[in-house]
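What you see is a predicted model; the values in this text were computed from it and never measured.
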Amino acid sequence: MSGPGSYTTNAAAMWVSLTPWARVRLDTAQALVIEVAAQGTTRAILRAPLTRLPTAVAEVFGQPLAPGSRVVVEDTFGTVQLPDTRDLTVWHVPAMTWPGRPAPPPRQVSVTVAPVTDEEGLATAEQVIVAGFPRPYPQRGQLLPAMLLKNPAWRVWLAERDGEPAGAGCTFDDGDAVGVHWVATLPEHRSQGVARALMTSMLTAFAGRLMTLVATNAGEPLYSSLGFTAVSTAAWYRRVG
């Protein structure tokens with residue numbers, strides 16, 4: 001599988017790997033619904049190109065929300081049409097794949113990249129991702145729980161520039177594809193080759209493997225220059241309490 005389904009399959013496996021930190025509420029051929037209490041988020045990942053939400057997913061997505069909580073539907077295929085309501089936002093982003101060709105050579109920059117191996121390194125990488133996007137997770141472990149360090153499918157990568165934390169990201173290997181998630185660079189280190197160094201390290205580590213990601217608008221030019229190809233325009237729908 002090398003189309004948008006490769007990202008969907010990887011993302012679903014990634015979230016399931018976080019149980020019991022994350023709780024599976026629904027797991028069918030059409031959708032995975034998972035609740036992440038630490039983030040106040042219920043997330044639905046659609047596993048097939050659908051024109052409307054499965055009933056069970058629609059019920060979850062339409063439920064009343066506590067203040068600060070949110071529900072998210074990831075439609076990587078971009079085929080679901082949800083009604084335009086005041087409390088609904090949608091984010092259109094390209095789903096991209098990299099077919100496992102040789103990794104491009106790294107540029108000569110003062111950036112070092114390595115997987116983290118302990119909880120302090122994990123916390124540093126998490127802080128970089130939270131600040132780099134930014135993401136609404138101020139407490140340690142809300143995005144990257146310590147259990148990731150014990151799961152060989154996960155790698156959390158930390159980039160340092162001139163000895164200072166500058167960028168971070170994660171990879172998850174589901175056995176068929178390697179998903180790239182949450183690549184971020186701190187504002188003061190942008191346009192210095194940090195994200196490229198991160199990605200080049202990941203591509204080199206998984207040379208010959210299919211890799212997949214969903215790109216932000218800021219990240220798409222970099223991924224395209226590295227050889228990633230857009231396979232769909234994903235639509236992520238969100239409601240916030």
Practice prompt. Show the numbers, then the answer: is there a side chain to side chain contact (heavy atoms under 4.5 Å, CB included) between Asp176 and Thr9?
Written response: CA-CA 9 Å; Asp176 293 319; Thr9 299; 5.7 Å; no

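- Nearest heavy-atom pair across Ala22 and Val36 is CB-CG2, 4.0 Å.
- Here the straight-line distance linking atom OG1 of Thr28 with atom CD of Gln30 works out to 5.5 Å at 0.5 Å rounding.
- Across every non-hydrogen atom of Leu46 and Phe77, the tightest pair is O-CE1, 3.7 Å.
- Side-chain N or O atoms of Ser224 include none that pairs as donor or acceptor with a backbone N or O of Pro221 at under 3.5 Å.
- The shortest side-chain heavy-atom distance between Leu148 and Leu18 falls under the 4.5 Å cut-off.
- Between the side chain of Tyr237 and the backbone N or O of Val80 there is at least one donor-acceptor pair closer than 3.5 Å.
- A side-chain N or O of Arg70 and one of Thr41 form a donor-acceptor pair less than 3.5 Å apart.
- Ring orientation note: the planes of His181 and Tyr7 are tilted relative to one another, at an angle of 30° to 60°.
- A distance of 12.0 Å separates OG in Ser191 from CZ in Arg196, rounded to the nearest 0.5 Å.
- Partner Val60 forms a side chain to side chain contact (heavy atoms under 4.5 Å, CB included) with one of Thr55, Val33, Leu53 and no other, that one being Val33.
- Of the charged side-chain nitrogens involved, none lies within less than 4.0 Å of a carboxylate oxygen, so that Arg47 and Glu74 do not count as a salt-bridged pair.
- Side-chain contact check for Val183 versus Met199: some heavy-atom pair is nearer than 4.5 Å.
- Rounding to the nearest 0.5 Å gives a distance of 10.5 Å between CZ of Arg43 and CG of Leu32.
- Contact of the Pro99 side chain with the Met211 side chain is not registered, since no non-hydrogen atoms from C-beta on lie closer than 4.5 Å.
- Geometrically, Arg135 engages Phe133 in a cation-pi contact defined by less than 6.0 Å to the ring centre and at most 45° from the axis.
- Minimum heavy-atom separation, Ala215 to Val93: O-CB, 3.3 Å.
- Contact between Ala184 and Val128 at its shortest, heavy atoms only, is O-CG1, 4.1 Å.
- With contacts defined as side-chain heavy-atom distances shorter than 4.5 Å, the pair Asp27/Val24 qualifies.
- Checking Trp15, Trp154, Trp182 one by one against Phe172, the ring-ring contact (aromatic ring centres under 6.0 Å, His included) holds for a single residue, Trp154.
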